[in-house]
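Residue numbers run from 1 in the order of the sequence given.
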Amino acid sequence: MQSCEISSDSTDDPLSRDLRTHRQPRIVVIGAGLAGLAATKSLLESGFTDVTVLEASDHIGGRVQSVQHGQTTLELGATWIHGANGNPVYHLAEDNGLLEHTTDGERSVGRISLYTKNGVAHYQTNSGTRIPKDLVEEFSDLYNEVYKLTQEFFQNGKPVCAESQNSVGVFTRDVVRKKIELDPDDSESTKRLKLSMLQQYLKVESCESSSPSMDEVSLSEFGEWTEIPGAHHVIPGGFMKIVDLLAQDIPSRMIRLGKPVRCIHWNYSAQQQEEIDLGGNNNRRSNGNHNDDCRCHAGANPNHGHSYPVGVECEDLESLPADHVIVTASLGVLKNRHEALFSPSLPEEKVLAIEKLGISTTDKIFLEFVEPFWSPECNSIQFVWEDEAQLEQPVYPEELWYRKICSFDVLYPPERYGYMLSGWICGQEALLMERCDDETVAETCTELLRRFTGNPDIPKPRRILRSSWGSNPYIRGSYSFTRVGSSGGDVENLAMPLPYAKSTKAPPLQVLFAGEATHRKYYSTTHGALLSGQREATRLTEMYQDLHKETTKPNM
């Protein structure tokens, strides 16, 4: 094994020395999703040439997964471009003609009906009856009025009362229930229907927030998430077109697929220098980590005589030395693996941020039918369980996981998608759905549709397709949210590069963090992911520009 080269000059770190010799910094990007590809693209455009992207799965795209279905494309992952004005994903799509075939019906700004504003959402009860349209609109106005109140705590600095438990779900349920119960014009049966609709709306909201329940979403932070103005757009050719655009100028040799990372050994040079200063030796076990021998090998490049502060060890035991590593792993992966993934362990503030912030699973269930059983004006079927009217947060036993399916949207237009419904389920119940086979899920969904529409003749779908983001070991969830007890400050802490301390013995920006969960205003979105990758690339670009200016001053 090669020995690790350590500078004896404690006032001159290896990074600065190498800059004076104009060595290209070695950068490893972990993850080839939108954040990782955006970071890599930006680095290459800024003149960096020694960049390697490690992707654990066998394909690029991360949480973008477009599946070809006949003549059309279905999205198992990212689907919408949320807002147009200043949205880099929108401009990327628009500039490359990806939206030219998008119909007006697909440009929806609706919060509840996610695919199209054309037509009417059918709110159906478990007794097989449809709730009258005027009653739905009346309740929807009430709900949206209270939803606006949830934004004001952050935006206007309103204090959160103890009764709300700082929870969007608890606050919303309490305020809406009081308004319903105090309405003198409604009969008791109408009030019960509205209370049942409230539970359904909160399930839809949970799917949009990718939270197990809105009771887990922080009320004081809810209004910080920023919506970009403009309509929501879909890409008829598939969201993977955005991924392809980001990747098209990245040489294929730079992207290594099927390369899951086992451990990131950071602060390597500084650790070894400290051991020498203390009279130690390189065989000492740091944190009892069994990978230290690999770290030593990864930290030095015997061919070029450079000492690297970071070593990235892959599952196949290959080690890559690096000056900088950009980690774009999902919050779900960080929650599950951060202890094993980083050596030494992450600082306490970053660990707390990982633990406090939330991520859950939102899954889609596509059902394709030979012909529609729904009426032409129907754009979605919403499931309203009348027996849940008085429940607090609904908690279901495992066998009743299907109760968390909140709705099925009609994919529009049928000329593109055929007769297709897209169902939504989130939280622990989504994980339970993922464990079932296709036949079980198809039968369960068919029975639900028969029950809620009152039509016992609905046939089983000809095909089913569904996502499984929760059980994907390289994803472990759909996207992040600010959980009760967390704040935007935790997002900032998650995004903070390592090491924190400025020291010549610890080269700066060794480990950088990107991904949707690291963007304080745009978490949970594709544009948040893309911007976060560009942000970390900019950190490196600016650092090397500054250092280059300092090291190329003329001799006086």
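- Residues Ser467 and Thr362 share a closest heavy-atom pair of OG-O, 4.4 Å.
- A salt bridge is defined here as a Lys NZ or Arg NE, NH1 or NH2 lying under 4.0 Å from an Asp or Glu carboxylate O, and Lys460 with Glu443 meets this definition.
- Residues meeting the salt bridge (Lys or Arg N to Asp or Glu O under 4.0 Å) test with Glu355, sequence neighbours left out: none.
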Exercise. Taking it one step at a time, do Arg520 and Glu221 satisfy salt bridge (charged side-chain N to carboxylate O under 4.0 Å, His left out)?
Worked result: CA-CA 10 Å; Arg520 185 163 183 163; Glu221 305 297 317; 5.2 Å; no
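- In this structure, Leu74 CG and Gln68 CD are separated by 8.5 Å, a value rounded to the nearest 0.5 Å.
- Ring planes of Trp385 and Tyr402: tilted class, angle from 30 to 60°.
- When the shell of 6.0 Å around CD of Glu371 is examined, it contains 12 or fewer heavy atoms from other residues, nucleotides or ligands.
- By the neighbour-count criterion of 12 heavy atoms within 6.0 Å, atom NZ of Lys148 is sparsely surrounded, having that number or fewer from other residues, nucleotides or ligands.
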For this session: Run the numbers on Tyr123 and Leu193 for side-chain contact (heavy atoms from CB on, under 4.5 Å), then give the verdict.
Result: CA-CA 11 Å; Tyr123 284 79; Leu193 263 183; over 6 Å; no
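- Glu208 and Tyr479 make their closest contact through O-OH, 2.9 Å (heavy atoms, listed as atom of the first residue, atom of the second, distance).
- Sorted by first and then second residue, the pairs that involve residues 56-65 and meet side-chain hydrogen bond (donor to acceptor under 3.5 Å, both in side chains), not counting sequence neighbours, are Glu55-Ser57, Arg63-Glu516.
- Listed here is the closest heavy atom pair of Ser164 and Leu219: OG-CD2, 3.7 Å.
- Salt bridge annotation for Glu388-Lys203: present, with a cationic side-chain nitrogen under 4.0 angstrom from a carboxylate oxygen.
- Exactly one residue among His232, His233, His527 makes a ring-ring contact (aromatic ring centres under 6.0 Å, His included) with Tyr90. That residue is His233.
- Side-chain atoms of Trp469 and Asp363, non-hydrogen and from C-beta on, do get closer than 4.5 Å to each other.
- In this structure, Phe373 places its CZ atom where more than 12 heavy-atom neighbours from other residues, nucleotides or ligands lie under 6.0 Å away.
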Problem set entry | Trace of the ring-ring contact (aromatic ring centres under 6.0 Å, His included) decision for Tyr201 with Tyr147 | CA-CA 11 Å; Tyr201 267 57; Tyr147 179 85; over 10 Å; no
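- Residues Ile464 and Ala442 come closest through the heavy atom pair CD1-N, 3.8 Å.
- Between Tyr522 and His519, the ring-plane angle classifies as parallel under the 30° and 60° cut-offs.
- Annotation: side chain of Cys445 is in contact with side chain of Leu367 (closest heavy-atom distance under 4.5 Å).
- By the salt bridge (Lys or Arg N to Asp or Glu O under 4.0 Å) test, Asp183 pairs with no residue at all, sequence neighbours left out.
- Using a cutoff of 4.0 Å between basic side-chain nitrogens and carboxylate oxygens, Arg403 and Asp387 are scored as salt-bridged.
- In this structure, Thr125 OG1 and Met197 CE are separated by 11.0 Å, a value rounded to the nearest 0.5 Å.
- Residues Thr172 and Met214 have side chains not in contact (no heavy-atom distance under 4.5 Å, counting atoms from C-beta outward).
- Residues forming a salt bridge (Lys or Arg N to Asp or Glu O under 4.0 Å) with Glu386 (at least two apart in sequence, or on another chain): none.
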For this session: For side-chain contact (heavy atoms from CB on, under 4.5 Å), just list the numbers for Asn87 and Thr525, CA-CA rounded to whole Å, side-chain angles, deciding distance to a tenth of an Å, and then say yes or no.
Result: CA-CA 11 Å; Asn87 186 332; Thr525 66; over 6 Å; no
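- In this structure, Met433 and Arg466 have side chains that are in contact, with non-hydrogen atoms separated by less than 4.5 Å.
- In this view, Lys194 and Glu138, Asp186 satisfy the salt bridge (Lys or Arg N to Asp or Glu O under 4.0 Å) rule, not counting sequence neighbours.
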For this session: Mind running side-chain contact (heavy atoms from CB on, under 4.5 Å) on Leu98 and Leu245 for me, showing each step along the way?
Result: CA-CA 11 Å; Leu98 300 182; Leu245 284 171; 3.9 Å; yes
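- Contact record, Asp215 with Arg173: OD2-NH2, 2.7 Å, taken as the closest heavy-atom pair.
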For a quick test of your reading: what N or O donor-acceptor pairs under 3.5 Å do the side chains of residues 34-41 make, sequence neighbours left out?
residue : atom : partner : partner atom : Å
Thr40   : OG1  : Gly36   : O            : 2.8
Lys41   : NZ   : Glu45   : OE2          : 2.7

